Amino acid sequence: MQGTIPITRPEVYFGELTNDYVIGGTAMDEFNYPQASGYATTNFSADTGIPMTMANRLLFALRFAEVNMLLNQDITSDSQLLWRRNIMERVRLLAPFLMYDSDPYIVVGSDGHMYWIVDAYTTSDRYPYSDPGKEGFNYIRNSVKAVIDAYSGNVTFYVADLSDPIIASWNAIFPHLFRPLRDMPVTLRNHIRYPLDLFGIQSERLLTYHMTDAQVFYNRDDQWQVPTEIYAGEPRPVEPYYLIMKLPTAESEEFILLHPFTPTKRNNLIAWLAGRSDGENYGKLLLYQFPKQRQVYGPEQIEARINQDPIISQQISLWNRQGSSAIQGNLLVIPIEQSLLYVEPLYLEAAQNSLPTLVRVIVAYENRIAMAETLELALEAIFQPEKIKVPVILSPIEGAEVPAVPPQR
């Protein structure tokens, strides 16, 4: 089928939730995936586990207090024990001197295998004249990309920042542990992205250290803050999120990590920070500031407009009755040319079913707000209302302003 991802090894023996050991390559077939009738089977065939010799069976029977390791006749001399299958535990045991990102992600390689990519950091609390903040360190570099084969569990550490002296020292101590980033297969290298935790730390530091005037910095006259949003009925800080979008200075769309900011004790949007991931722009940060003389709606103000809209709020109230609840998802602030597009999903969750279902999408742009069953219909209601042939909610936002000039870079 055109557009499908060629996966030859869909089995995930190593992942984020694989916290128990398993024995592969036994006389019993293993469950692979469900089919129309029954299920497909497989059997672990990589050579990366611990051979289940009689001595190893005895040792691990004592280690896990599991007598079946000795008695089970399906375990043969070809069987292998797969241990430490949680990818985060696995990389921390191999390189405990690194700090790891909390958001590993899985990609597909050219060989059809699935691979986990985990960003790793070198840190220090000894960097001179640098504020450690609340993290406890004042130096951090995304110096390593760890790649784990989801099928075999093989781990490869690639050095992504050759200018980092700390990783250079570790590389000298363990010369066979690390490989240069150029050795990473191109199909995997094309999937590396700006790391989430590093971006969050940089965003937090930027709230204060964007001020370059000494007097303004001392008085905290231009202090920023992370805006809040309503998620599942509760206010919480807006977290950085990944987007595919065209930056104001770019020629085409690209994959970025974005975080908006508001002034302290105010709700209007003042700036947003983008971390770039594509090609030669990988690792670059771009900060866009809005003119201070303009009132640009921030996430909290858009959330207030959504909840104050009489038709939208009435619909949400109806869904919150009779054993169900309406959940407002993450509000995304998406820059478009000289304006901003706000998108928020709305989910419906039954009291007896914890799986939320997407029922509506709310979109706000300039002085209009719309709610429809799909994102496509909501966007049409905003930009092409004459084409709408199904009922949607379209309301004006009174007093809304957007920047009349491009943001300052």
Side-chain angles (χ1 to χ4, degrees), residues 99 121-142 161 163-166 194-229 235-241 247-250 256-276 281 283-304 331 333-340 342 399-409:
M99 187 178 78
Y121 309 106
T122 52
T123 60
S124 174
D125 60 356
R126 305 299 177 87
Y127 198 82
Y129 307 109
S130 185
D131 182 7
K134 62 182 180 180
E135 290 84 14
F137 52 81
N138 56 11
Y139 175 94
I140 181 171
R141 290 291 183 273
N142 177 214
D161 188 353
S163 64
D164 176 31
I166 297 180
Y194 204 97
L196 186 64
D197 288 352
L198 175 63
F199 187 79
I201 293 170
Q202 293 172 318
S203 298
E204 189 273 331
R205 295 285 80 196
L206 188 66
L207 300 179
T208 299
Y209 288 97
H210 70 276
M211 294 178 280
T212 56
D213 184 274
Q215 188 65 36
V216 174
F217 177 83
Y218 179 79
N219 295 327
R220 298 295 195 268
D221 292 333
D222 192 23
Q223 182 76 23
W224 294 349
Q225 66 182 9
V226 175
T228 60
E229 63 175 347
R236 74 174 195 178
V238 174
E239 299 178 354
Y241 47 89
L247 292 170
T249 57
I256 68 166
L257 185 57
L258 188 140
H259 205 191
F261 305 116
T262 60
T264 299
K265 298 180 180 179
R266 294 173 60 190
N267 296 328
N268 60 288
L269 204 66
I270 190 65
W272 51 270
L273 179 69
R276 308 176 75 174
N281 292 319
K284 295 181 180 179
L285 290 174
L286 292 178
L287 176 66
Y288 292 87
Q289 295 179 249
F290 292 102
K292 294 182 180 179
Q293 67 271 19
R294 290 283 178 176
Q295 173 73 14
V296 182
Y297 274 152
E300 293 171 84
Q301 293 169 315
I302 293 297
E303 293 277 18
L331 177 67
V333 182
I334 305 173
I336 297 180
E337 297 298 334
Q338 300 179 17
S339 299
L340 296 172
Y342 306 85
E401 281 194 68
V402 293
V405 296
Q408 302 169 4
R409 183 178 174 182

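All values reported here derive from a predicted model rather than from experimental measurement. All residue numbers refer to positions in the sequence shown, counting from 1.
- For Tyr209, the OH atom is densely surrounded, since the number of other residues' heavy atoms within 6.0 Å is greater than 12.
- With hydrogens and angles ignored, the 3.5 Å screen pairs a side-chain donor or acceptor of Asp213 with a backbone N or O of Gln215.
- Contact record, Leu247 with Tyr288: CB-OH, 4.2 Å, taken as the closest heavy-atom pair.
- For Gly298 against Tyr342, the heavy-atom pair with the smallest separation is N-OH, 4.4 Å.
- To the nearest 0.5 Å, the span separating NE2 on His210 from CZ on Arg205 amounts to 13.0 Å.
- Remark: Arg220 fails to qualify as a cation-pi partner of Tyr218 under the 6.0 Å distance and 45° angle criteria applied to the six-membered ring.
- With a 4.5 Å cut-off on side-chain heavy atoms, Asn142 and Asp161 do not count as touching.
- Considering NZ of Lys284 and CD1 of Ile256, their distance stands at 14.5 Å, rounded to 0.5 Å.
- Nearest heavy atoms, Glu229 versus Glu303: CB-OE2, 3.6 Å.
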Side chain to side chain contact (heavy atoms under 4.5 Å, CB included) between Trp224 and Ile270, intermediate numbers included: CA-CA 8 Å; Trp224 294 349; Ile270 190 65; 3.8 Å; yes
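- Ring pair Phe199/His259 is tilted by interplanar angle, where 30° to 60° counts as tilted.
- Between Gln202 and Leu285, the shortest heavy-atom contact is OE1-CD1, 3.6 Å.
- Summarising the geometry, atom OG1 belonging to Thr228 is positioned 3.0 Å from atom CD belonging to Glu300; distances are rounded to the nearest 0.5 Å.
- Rounding to the nearest 0.5 angstrom, the gap separating the CG atom in Leu206 from the CG atom in Leu273 is 6.0 Å.
- Using a distance-only test at 3.5 Å, with no hydrogens or angles considered, a donor-acceptor pair links the side chain of Asn138 to the main chain of Tyr127.
- Scanning both residues, Thr262 and Asn267, for their nearest heavy atoms gives CG2-O, 3.8 Å.
- Counting heavy atoms from C-beta outward, Glu135 and Met99 have side chains that stay 4.5 Å or more apart.
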